[in-house]
Every structure is written in C-alpha cells, then in structure tokens.
**Student:** 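Sharing a structure, written as structure tokens. Questions coming.
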2 protein chains.
Amino acid sequence: MKNIKSIGIDFGGTSIKFGVVSGKEIIATSPRIYPKDYPVPSDLIRAIAERVNQLKTEHNNVVAIGCGVPGFVDFPTGTIHNLTNVPGWTNIHLKEELEARTDLPTAVENDANAMAIAEWKLGAAKGYAHAVCLTLGTGVGGGIISNNAVIRGAQFTAGELGQTSIDYAGRMGAYNNPGALEAYLGNNEFAADTQSDYVAAGIDKELSDCTPELLAEAAENGCEIALKAWDGYAEKLSTTLATTCWLLNPEIIVIGGGVSNAGDLLFMPLKKYLHAQLSGPFKDHLKVVPAEFSNNAGILGTAALALEGIEDFNV
Amino acid sequence: MKNIKSIGIDFGGTSIKFGVVSGKEIIATSPRIYPKDYPVPSDLIRAIAERVNQLKTEHNNVVAIGCGVPGFVDFPTGTIHNLTNVPGWTNIHLKEELEARTDLPTAVENDANAMAIAEWKLGAAKGYAHAVCLTLGTGVGGGIISNNAVIRGAQFTAGELGQTSIDYAGRMGAYNNPGALEAYLGNNEFAADTQSDYVAAGIDKELSDCTPELLAEAAENGCEIALKAWDGYAEKLSTTLATTCWLLNPEIIVIGGGVSNAGDLLFMPLKKYLHAQLSGPFKDHLKVVPAEFSNNAGILGTAALALEGIEDFNV
C-alpha cells in the first residue's frame with residue numbers, strides 16, 4: 001500500500017495528543033484531550049476513539065493506531081495494568097476497546113518504549129541493531145533495542161533505566177530499591193541536591209532557581225556550583241549507562257527529555273566518564289547522541305509501532 | 001538427521017577439555033590438553049584439531065564443533081581478539097583454522113555465554129525466553145538470553161555482569177570501572193573482605209580460611225561473621241541482579257560456579273534482597289535457581305551452540 005498512514009496517540013498524565021503520521025512527518029493533529037475531564041475510564045476511551053474516527057475520515061490510508069501510555073502495559077493484549085498519574089486506569093483493555101470502536105488494529109505500549117521506538121525507527125538510532133534510549137526529566141525512563149528488536153522482557157517491564165541502582169547502600173527509589181538512578185537524577189532530586197550545595201557554600205537559592213534550565217544557564221555563566229552539579233549528574237548517569245553497556249553492548253545511546261537540552265554541559269562530562277570506565281573493544285565504537293525528537297517522540301514512536309505488524313504481514 | 005552429535009570444547013586458561021555430546025549427554029571425552037605445553041598458538045590449534053579429528057573417527061554423526069574460550073571473541077567470524085590467561089592468543093582466527101583442519105562447521109564463543117547457553121538450551125533455564133545466567137567464582141561472568149536469543153551486542157561483549165557497577169563511587173574494577181561487582185565478589189576479594197571482618201572482631205584468620213567453601217562451613221556452624229559475609233555477598237549480588245531485572249525483565253536467573261555451592265546461605269538472602277527491591281508485576285514471577293551443570297557446562301553449551309545453525313537450516 002502506498003502512502004500508508006497511522007495515528008499516534010501520546011497519552012500523558014495531564015493531556016492526550018493525537019497525530020496522523022506518514023513516514024516521520026506528523027501531517028495532522030487534533031485538539032488535546034484532558035484525562036481530568038473524563039474521570040470514568042470508559043468515557044475517556046470513547047473520547048479518544050471519537051478523535052481517532054474523526055482523523056480517519058479526514059485522512060485516507062490510515063491503517064493502524066499506536067498509543068503510548070505512562071504506565072505498565074501487557075503488550076500483546078494491550079491491557080493497561082495501571083497508569084502512574086491517571087486515577088482509575090487499572091486493568092483496562094485499551095487495545096481491545098479502541099479496536100472495537102475504530103476498526104483499526106491498535107498497539108498499546110509504555111511511553112518510554114514509544115520514545116525509544118521513535119528514535120530507533122525514525123530518529124537518532126535509525127539503522128542501529130543495538131540501541132539504548134533514555135529520557136531525562138521529572139523521571140528517568142528508557143527503552144532498549146537489541147538484535148533489532150525492542151527488549152520488553154517476560155512481563156513487558158524491561159528498559160527501566162531510572163530504577164537501576166548506582167549504589168547498593170544508596171538512596172531509596174520508588175520501589176524501595178537502593179541507589180535508584182531516578183532518586184538522584186529526577187528533576188526534583190537534582191534541584192534539591194544542588195540547592196543544598198548552594199546553601200553549603202553560603203549562597204541563598206530557591207528550589208525554583210535549580211531547574212535544569214536555570215542550572216544550565218548558571219553553568220554557562222561560569223558558576224562553579226552549577227558546573228559541579230552537571231558533572232555529578234553526568235557521573236551518576238554514566239554509572240547506569242556503563243552498566244547497561246556491560247550488559248548489552250549497544251552501538252548507540254540516545255538521550256532525550258528536557259534535561260538533554262543542557263547539551264555539552266551534560267554530554268561532555270558524560271562521555272568522559274563513560275570512556276574512562278568501559279573497555280577498549282567497545283568504548284571506541286559507542287556513540288552517545290541527543291535525541292532527534294522531543295515533544296513529538298510519543299506520537300511518532302507509537303505511529304511507527306502501529307505499522308510494525310501491518311508492514312510485516314499485509315503490505 | 002537422527003542421533004546428531006557435536007563436539008564441545010571447553011578452552012580454559014589452564015586446560016582444554018573435549019566432549020562428544022548427544023542431547024544433554026557427554027557420551028565421550030578425550031584427554032585434556034594444557035595450553036602451557038603449546039606456547040605457539042598454531043601448535044595448540046593443531047593439537048586441538050587432532051583431538052577433534054580423533055573423536056570424529058571414533059563417533060558417527062558428529063556434525064559440528066563448538067568452542068568456548070576465556071576471552072573476547074568476534075562471534076560471526078570466530079576470531080579471538082585476546083584471551084585473558086593464555087599468552088599469545090591475540091587476533092586468532094580459531095573458527096577458520098578449526099574448520100580448515102577438521103572439515104566441521106565451528107562456532108567459537110565466550111565461555112560465560114557458553115555456560116549460559118548450556119543452561120538455556122539444556123538445563124535450568126530450558127524453555128525460558130528471557131533468562132540471565134551467571135557464574136560466581138574467581139571472577140563473575142554472565143550470559144543473557146532475551147526474546148529467545150543470546151544477547152551478544154554490537155561487538156559481542158554483552159553479558160558482563162561482573163563489570164556492572166554497584167556503587168558509582170566504589171572500588172575500582174579491572175577496567176577502571178568504579179563499583180564493579182567483581183571487585184567485591186571475586187573469590188579473592190570476598191576472602192580478603194571477610195578476613196578483615198574477622199581481624200576487626202579480634203579473630204585470627206588466614207586468607208586461606210576464607211574460601212567460599214570454608215566460609216560456607218563456618219556459616220553452617222553458626223559463625224556470625226561468616227553469616228554476615230554471606231548476607232553481604234547476597235546484598236551486593238542482588239544489586240546487579242535487580243538492575244538487570246529493571247533493564248531486561250527476565251523470567252529466570254540461573255546461578256552457577258563454585259560459590260553457588262553455598263546453597264541456601266547464598267540463595268535465601270539473595271531472594272530476600274531481590275524481592276525487597278523489585279516491583280510487584282514481575283518480582284512474583286521471577287525464579288532464582290542454581291545451575292544444573294557445573295564443570296560440564298562449557299562442553300554442553302558449546303556443543304549445543306554448534307548445532308544451532310545445523311538444526312535450523314539442515315535438518
């Protein structure tokens with residue numbers, strides 16, 4: 001089929017975005033939906049299906065739907081076990097429900113995997129058989145590609161880079177997991193730690209002065225404490241990434257999310273730390289690059305995922 | 001082909017063992033070869049090929065060779081980049097050389113992967129699509145199965161569980177990698193740490209009293225320091241295994257190597273620590289079991305690997 005299109009749905013905790021995708025272009029969007037306006041899941045599903053059906057009538061050759069959600073999904077059945085920030089979304093058969101209401105094959109995936117799929121199928125990791133993608137923001141999420149396939153694992157919970165441990169006797173993560181990377185590098189934790197550094201140096205700083213954006217600005221203006229904060233961020237991140245390299249030997253690491261906008265402040269020390277602790281045979285081949293897509297990764301990744309089965313079996 | 005057989009070669013730093021394998025049975029072996037007797041690699045290769053050709057004449061239906069080596073191998077070409085404890089073995093085309101001398105298709109693999117393949121194809125992880133296998137001894141080695149395939153990675157160096165970090169500011173590993181698991185759990189390091197604990201408690205102990213065997217005996221006799229040592233061993237090991245679970249979501253973890261003989265002294269606290277720091281959806285499904293094979297894993301795994309291509313394409 002020529003000019004095949006799919007619909008990508010980026011189901012976030014606060015808003016749900018829709019895009020009609022052709023190749024790597026979002027050729028149309030429709031107005032967002034806000035989960036808080038639909039406290040009953042079945043009402044929200046109906047609203048999502050309406051948007052999809054509208055887009056389907058407006059665009060020809062739409063053959064599939066992909067939906068990325070902030071939570072834990074049973075991938076083959078598309079059943080959502082639960083969503084982190086959307087009350088009531090427990091044990092919801094989203095794939096089945098959307099397929100019944102739209103007559104389009106639907107794939108439902110974890111949002112971090114969707115981002116990884118966007119980068120792997122269309123973006124910075126395109127053409128690589130072994131890739132690790134992560135997003136750095138409020139939380140730390142990730143997705144892993146190995147042997148040209150998404151690594152989902154036995155219960156489809158693989159790729160949780162934010163929960164990996166960087167210190168067996170360290171700070172507790174969300175699952176009572178000592179040394180969880182996210183417990184150091186989540187935006188709030190990074191801000192609080194850096195504020196403490198300022199206070200310890202006798203400098204008065206609000207927590208709101210310690211966002212990644214403002215700390216990047218401060219570092220660029222030569223602030224030693226901010227520079228040290230970015231170095232520490234990179235050191236901790238390098239630990240999880242080095243561990244991931246020892247386990248999986250990827251060719252490329254793709255880093256997205258708001259924090260990646262810090263650019264060289266993050267990437268330079270990160271590469272230095274990674275290079276120092278990896279072995280010759282693979283460290284020289286390893287690429288560490290910024291993500292190609294930012295806010296559109298969710299729509300693009302789910303739209304690409306939607307076409308997987310279609311392209312394999314029907315075209 | 002019925003009753004198909006392959007030859008597994010377990011190429012260790014001190015000796016090389018040979019077995020003719022049918023299914024999971026080693027039906028014949030031949031005398032070991034000692035690398036120190038053949039300082040020139042081509043002489044050692046010739047000796048290996050002679051053993052293989054002898055076994056081939058003694059047994060019918062031998063269709064392939066597998067060889068596991070202690071070092072870094074380019075898997076598709078079977079070229080050994082270097083071996084850890086065998087001088088002169090740098091850039092050796094072992095697959096090509098053995099194929100030319102024996103006329104049998106040959107697979108050359110890292111020894112830890114070979115052990116993992118033995119457990120996955122024939123042993124404790126048989127039938128599992130997502131498995132992590134590790135060996136605990138002088139070093140800590142591992143192999144990873146995901147989506148029913150060995151994860152080798154871009155330069156075939158994946159599965160190095162012993163090099164993963166459990167502390168970003170920790171003890172240096174062999175590659176200048178902070179917090180390397182092996183730097184805590186290698187037999188020598190475990191002995192030295194436990195000896196220090198004895199000394200700190202005013203108890204005189206030789207390093208040679210702190211082998212895993214003797215520490216297991218001491219713990220079974222109620223020695224508090226030995227019990228604490230095993231608990232600490234399990235805590236550190238659980239950190240790498242939990243990280244591996246967050247990244248890969250395996251169904252089963254198989255633990256072999258000499259240290260695994262400690263049995264419940266290791267497995268009980270290990271399961272306790274793992275269970276405490278993993279998330280509900282998958283921790284309840286995770287199995288942690290001892291390896292089925294010990295000294296034979298190398299021969300069985302390489303023999304099984306040898307048949308992979310054969311069974312897929314020719315039978």
Side-chain angles (χ1 to χ4, degrees), chain A residues 72 81-82 128-130 132 142 144 146-147 149-170 172-180 184 235-236 238-240 242-252 273 276-283 285-286, chain B residues 72 81-82 128-130 132 142 144 146-147 149-170 172-180 184 235-236 238-240 242-252 273 276-283 285-286:
Chain A
F72 176 49
H81 290 289
N82 73 295
Y128 290 90
H130 312 276
V132 172
I144 295 168
S146 189
N147 291 337
V150 179
I151 298 292
R152 294 191 176 90
Q155 285 83 33
F156 315 101
T157 65
E160 292 282 354
L161 277 88
Q163 302 309 326
T164 61
S165 177
I166 62 166
D167 184 357
Y168 71 97
M172 281 297 170
Y175 299 92
N176 196 42
N177 45 337
Y184 300 85
E235 183 186 18
K236 293 179 185 81
S238 79
T239 304
T240 282
T243 288
T244 307
C245 286
W246 289 114
L247 291 177
L248 296 165
N249 183 204
E251 299 161 280
I252 188 164
Y273 281 116
Q277 66 187 300
L278 291 173
S279 140
F282 57 94
K283 75 177 171 188
H285 294 93
L286 181 67
Chain B
F72 176 49
H81 289 290
N82 73 293
Y128 290 90
H130 311 276
V132 172
I144 295 168
S146 188
N147 293 336
V150 179
I151 297 292
R152 294 191 176 90
Q155 285 83 35
F156 316 100
T157 65
E160 291 283 354
L161 278 88
Q163 302 309 326
T164 61
S165 177
I166 62 167
D167 184 357
Y168 71 96
M172 281 297 168
Y175 299 92
N176 196 42
N177 45 338
Y184 300 85
E235 183 186 19
K236 294 180 185 80
S238 79
T239 304
T240 280
T243 287
T244 307
C245 287
W246 290 113
L247 291 177
L248 297 166
N249 183 203
E251 300 162 280
I252 188 165
Y273 280 115
Q277 66 187 300
L278 291 173
S279 141
F282 56 93
K283 75 177 170 188
H285 294 93
L286 181 68

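Within every chain, numbering begins at 1; the chains are lettered A, B, ... in the order of the sequence lines, protein sequences first and strands thereafter. Reckoned from all heavy atoms, side chains included, excluding hydrogens, waters and symmetry mates.
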**Student:** Of all of Thr240(A), Ile144(A), Ile166(A), which one pairs up most often with chain B through heavy atoms under 4.5 Å apart?
**Tutor:**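 Between Thr240(A), Ile144(A), Ile166(A), the count favours Ile166(A).
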
**Student:** For Ala129(B), does its backbone N or O pair with a side-chain atom of Glu251(B) as donor and acceptor, under 3.5 Å?
**Tutor:**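 The answer is yes, because a donor-acceptor pair under 3.5 Å joins these two groups.
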
**Student:** Tell me whether Thr164(A) contacts the main-chain N or O of Thr243(B) through its side chain, where contact means a donor paired with an acceptor under 3.5 Å.
**Tutor:**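 Looks like no, no N/O pair under 3.5 Å.
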
**Student:** Identify which part of Tyr128(A) has an atom lying under 4.5 Å from any heavy atom of chain B, answering side chain, backbone, both or neither.
**Tutor:**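 Tyr128(A) has no heavy atom closer than 4.5 Å to chain B.
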
**Student:** Of the backbone (N, CA, C, O) and the side chain (C-beta and beyond), which part of Asn147(B) lies under 4.5 Å from a heavy atom of chain A, both, or neither?
**Tutor:**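 It is the side chain, since no backbone atom gets that close.
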
**Student:** Quick check on Thr157(B) against chain A: is it the side chain, the backbone, both or neither that has a heavy atom closer than 4.5 Å?
**Tutor:**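 Both backbone and side chain.
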
**Student:** Only counting residues at least two apart or in another chain, list the ones meeting side-chain contact (heavy atoms from CB on, under 4.5 Å) with Glu235(B).
**Tutor:**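 Result, side-chain contact (heavy atoms from CB on, under 4.5 Å) vs Glu235(B): Tyr168(A), Tyr273(B).
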
**Student:** So which part of Leu161(B) gets closer than 4.5 Å to some heavy atom of chain A, the side chain, the backbone, both or neither?
**Tutor:**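 Looking at Leu161(B), backbone and side chain both touch chain A.
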
**Student:** Taking side chain as everything from C-beta outward and backbone as N, CA, C, O, which of these in Thr244(B) sits under 4.5 Å from a heavy atom of chain A? Side chain, backbone, both or neither.
**Tutor:**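 Both backbone and side chain.
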
**Student:** Measuring only between side-chain heavy atoms, which start at C-beta, is Ile151(A) closer than 4.5 Å to Ile151(B)?
**Tutor:**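 Yes, side chains in contact.
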
**Student:** For Tyr175(B), what residues pass the ring-ring contact (aromatic ring centres under 6.0 Å, His included) criterion, not counting sequence neighbours?
**Tutor:**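 If we apply the ring-ring contact (aromatic ring centres under 6.0 Å, His included) test to Tyr175(B), skipping adjacent residues, the hits are Trp246(A).
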
